[in-house]
Amino acid sequence: MTSPEERLAALVSEWYTEHARDLPWRAPGVSAWAVLVSEVMLQQTPVNRVLPVWREWLSRWPHPQDLAAEPAAEVIRAWGRLGYPRRALRLHECARALVERHDGVVPRDVDALLALPGIGSYTARAVAVFSYGDRHPVVDTNVRRFVARAVAGDADAGPPRATADLAAVEALLPADRTAAAVASIAFMELGALICTARGPRCADCPVYAECGWQRAGRPAATGPARKVQKFAGTDRQVRGLMMAVLRDATQPVPRADLDAVWPDATQRSRALAGLVDDGLVHQLPRDRYALPT
DNA sequence: TACACGTGGCT
DNA sequence: TAGCCAAGTGT
């Protein structure tokens with residue numbers, strides 16, 4: 001007897017073994033630290049942009065101790081243009097926490113992982129599953145979309161519901177922990193390559209025949225459209241421009257150099273204050289600024 | 001719950 | 001072209 005849930009997991013897992021991308025953090029023997037770094041870099045960031053930076057980081061800092069020993073400025077510079085540089089700062093803090101609290105070893109326990117800076121519900125479980133092979137539901141945007149379509153029969157996932165989302169994915173996991181880990185990465189990969197947000201490639205989908213959304217006649221999305229983040233003209237754009245100036249500088253930068261990136265003085269002040277408040281920028285004497293030491 | 005938080009490629 | 005989208009987290 002095969003339940004519909006077991007069948008979904010089996011079909012997607014079989015598809016994965018044949019069609020998975022050959023990504024370096026999936027290679028056998030890759031350390032938990034390397035997996036953790038990849039997961040943080042991949043937060044809201046496309047694979048192709050992460051690849052070169054991840055290789056550089058793991059070559060430079062193969063263990064948490066190596067990153068922990070660096071000044072924050074080096075870490076932020078090495079983050080380059082990956083975006084959301086607070087992630088770099090948190091990864092640095094995470095490395096130091098690993099050294100202080102876990103002897104430099106990435107913990108296997110989800111609650112211990114959750115207690116680390118920059119590690120949330122997704123990343124904690126991703127590390128426990130993809131690195132240690134344990135059985136936990138791993139819920140990212142790809143998995144939520146796949147479950148919404150294949151199981152619920154909706155066009156898209158609704159707003160995140162942490163507890164319900166975890167339960168919905170848990171219900172799809174095979175009992176065996178190794179099979180569950182494969183299913184978890186397979187759901188993500190299917191969402192990334194086939195069950196995509198725009199233009200899903202349903203003709204190539206291993207679940208086509210049992211997909212709830214197909215069976216329902218591919219109904220259109222119902223709820224309000226997900227609001228897309230504005231960027232042009234926002235503080236985030238100003239922060240990004242200022243960070244680019246500071247990354248490229250070899251000496252502390254006068255305020256005037258940061259002011260040059262944006263015309264509106266009120267917005268400049270707010271952006272810079274935010275960067276200082278976040279710990280991404282240090283204010284020095286004589287109104288000069290630099291990346292944190 | 002809703003919002004802030006970078007960057008760049010794609011349609 | 002302008003908007004959409006990409007393996008989320010913290011507050």
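So you know, we letter chains A, B, ... as the sequences are listed, proteins then strands, and number each from 1.
- In this structure, A/Arg149 satisfies the cation-pi test against A/Trp213, with its NZ or CZ atom closer than 6.0 Å to the six-membered ring centre and inside 45 degrees of the ring normal.
- In the set B/dT1, C/dA7, C/dT9, the nucleotide with an atom closest to the side chain of A/Arg21 is C/dA7.
- Spacing between atom CZ of A/Arg144 and atom P of C/dG8 amounts to 10 Å, rounded to whole angstrom units.
- Atom CG of A/Leu67 and atom CD of A/Glu93 lie 11.0 Å apart (nearest 0.5 Å).
- When each of A/Leu275 and A/Pro160 is assigned the nucleotide of DNA chain B with its nearest heavy atom, A/Pro160 is the one assigned upstream, toward the 5' end.
- When the side-chain nitrogen and oxygen atoms of A/Arg145 are compared with OP1 and OP2 of C/dA6, one or more of them lie within a distance under 4.0 Å.
- Across all strands, A/Leu82 comes closer than 4.0 Å to base atoms (heavy-atom distances).
- With 3.5 Å as the limit, one finds no donor-acceptor pair spanning the side chains of A/Tyr122 and A/Gln43.
- In the model, A/Ser121 has a side-chain atom that pairs as donor or acceptor with a side-chain atom of A/Arg125 under 3.5 Å.
- At the heavy-atom level, A/Pro159 lies nowhere under 4.0 Å from the strands shown.
- In A/Asp103, the CG atom is not crowded: 12 or fewer heavy atoms of neighbouring residues, nucleotides or ligands sit closer than 6.0 Å.
- The gap from the P atom of B/dT11 to that of C/dA7 amounts to 15 Å, rounded to the nearest Å.
- Rounded to a whole angstrom, the distance from the P atom of C/dT9 to that of B/dG8 is 23 Å.
- In terms of phosphate contacts, A/Thr123 brings no side-chain nitrogen or oxygen within less than 4.0 Å of OP1 or OP2 of C/dA7.
- The nucleotide whose nearest atom lies closest to any side-chain atom of A/Glu189 is, among C/dA7, C/dA6, B/dT7, C/dA7.
- Of the C1' atoms belonging to C/dC5 and B/dG6, the separation is 14 Å, rounded to the nearest Å.
- One C1' atom belongs to B/dT1, the other to C/dG8, and the distance between them is 16 Å to the nearest Å.
- If you check every strand for non-hydrogen atoms under 4.0 Å, A/Ser38 touches nothing.
- Relative orientation of the A/Trp57 and A/Trp61 rings is perpendicular, given thresholds of 30° and 60° on the angle between their planes.
- When the nearest nucleotides of DNA chain B are assigned to A/Leu280 and A/Ala162 by heavy-atom distance, the more 5′-ward of the two goes with A/Ala162.
- Contact annotation: side chain of A/Arg198 to base of C/dC4, donor-acceptor pair present below 3.5 Å.
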(message) Test side-chain contact (heavy atoms from CB on, under 4.5 Å) on A/Thr123 and A/Leu113; report intermediate values, then the result.
(response) CA-CA 8 Å; A/Thr123 304; A/Leu113 286 161; over 6 Å; no
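- When heavy atoms are screened at a 4.0 angstrom cut-off, A/Trp25 is found touching base atoms of the nucleic acid.
- Residue contacts for A/Asp235: at a heavy-atom cut-off of 4.0 Å it reaches the sugar-phosphate backbone alone, with no base atom in range.
- In this structure, A/Met41 places its CE atom 15 Å from C1' of C/dG8, rounding to the nearest Å.
- The nearest whole Å value for the distance from the CZ atom in A/Arg87 to the P atom in B/dG6 is 9 Å.
- Rounded to whole Å, the distance from CG on A/Leu36 to C1' on C/dA7 is 13 Å.
- The residues A/Arg177 and A/Asp134 are annotated as salt-bridged, a charged nitrogen and a carboxylate oxygen being separated by less than 4.0 angstrom.
- In this structure, CG of A/Leu113 is placed 17 Å from P of C/dG8, rounded to the nearest angstrom.
- Rounded to whole angstrom, the span from the NZ atom of A/Lys230 across to the C1' atom of C/dC5 amounts to 14 Å.
- Using a 4.0 Å heavy-atom distance criterion, A/Ala197 is classed as a sugar-phosphate-only contact.
- A donor-acceptor pair shorter than 3.5 Å can be found between the side chains of A/Arg87 and A/Thr45.
- A/Arg236 comes within 4.0 angstrom of a base, heavy atoms only.
- Per the geometry, CZ belonging to A/Arg90 stands 10 Å off P belonging to C/dT9, to the nearest Å.
- At most 12 heavy atoms of other shown residues, nucleotides or ligands fall within 6.0 angstrom of atom CD in A/Glu14.
- Listed in residue order, the members of residues 43-55 of chain A having a heavy atom less than 4.0 Å from DNA chain B are A/Gln44, A/Thr45, A/Arg49.
- Here A/Leu89 lies out of heavy-atom contact (under 4.0 Å) with every strand.
- Look at CD on A/Gln237: it is 13 Å from C1' on B/dG8, rounded to the nearest Å.
- With respect to the salt-bridge test (charged N to carboxylate O, under 4.0 angstrom), the residues A/Arg239 and A/Asp235 do not qualify.
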(request) Let me see the working for A/Gln214 and A/Cys205 under side-chain contact (heavy atoms from CB on, under 4.5 Å), right down to the final yes or no. (result) CA-CA 11 Å; A/Gln214 294 294 343; A/Cys205 183; over 6 Å; no
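- Scanning residues 247-267 of chain A for heavy-atom distances under 4.0 Å to DNA chain B yields A/Arg247.
- Among the heavy atoms of the strands lying under 4.0 Å from A/Gly83 is at least one base atom, whether or not backbone atoms are also near.
- Candidate nucleotides C/dC5, C/dA7, B/dT7 were compared by shortest atom distance to the side chain of A/Tyr122, and C/dA7 ranks first.
- Listed pair A/Arg161 / B/dT1 meets the phosphate criterion, a side-chain N or O lying under 4.0 Å from OP1 or OP2.
- Side-chain proximity of A/Thr141 to the nucleotides B/dT11, B/dG6, C/dA7 is greatest for C/dA7.
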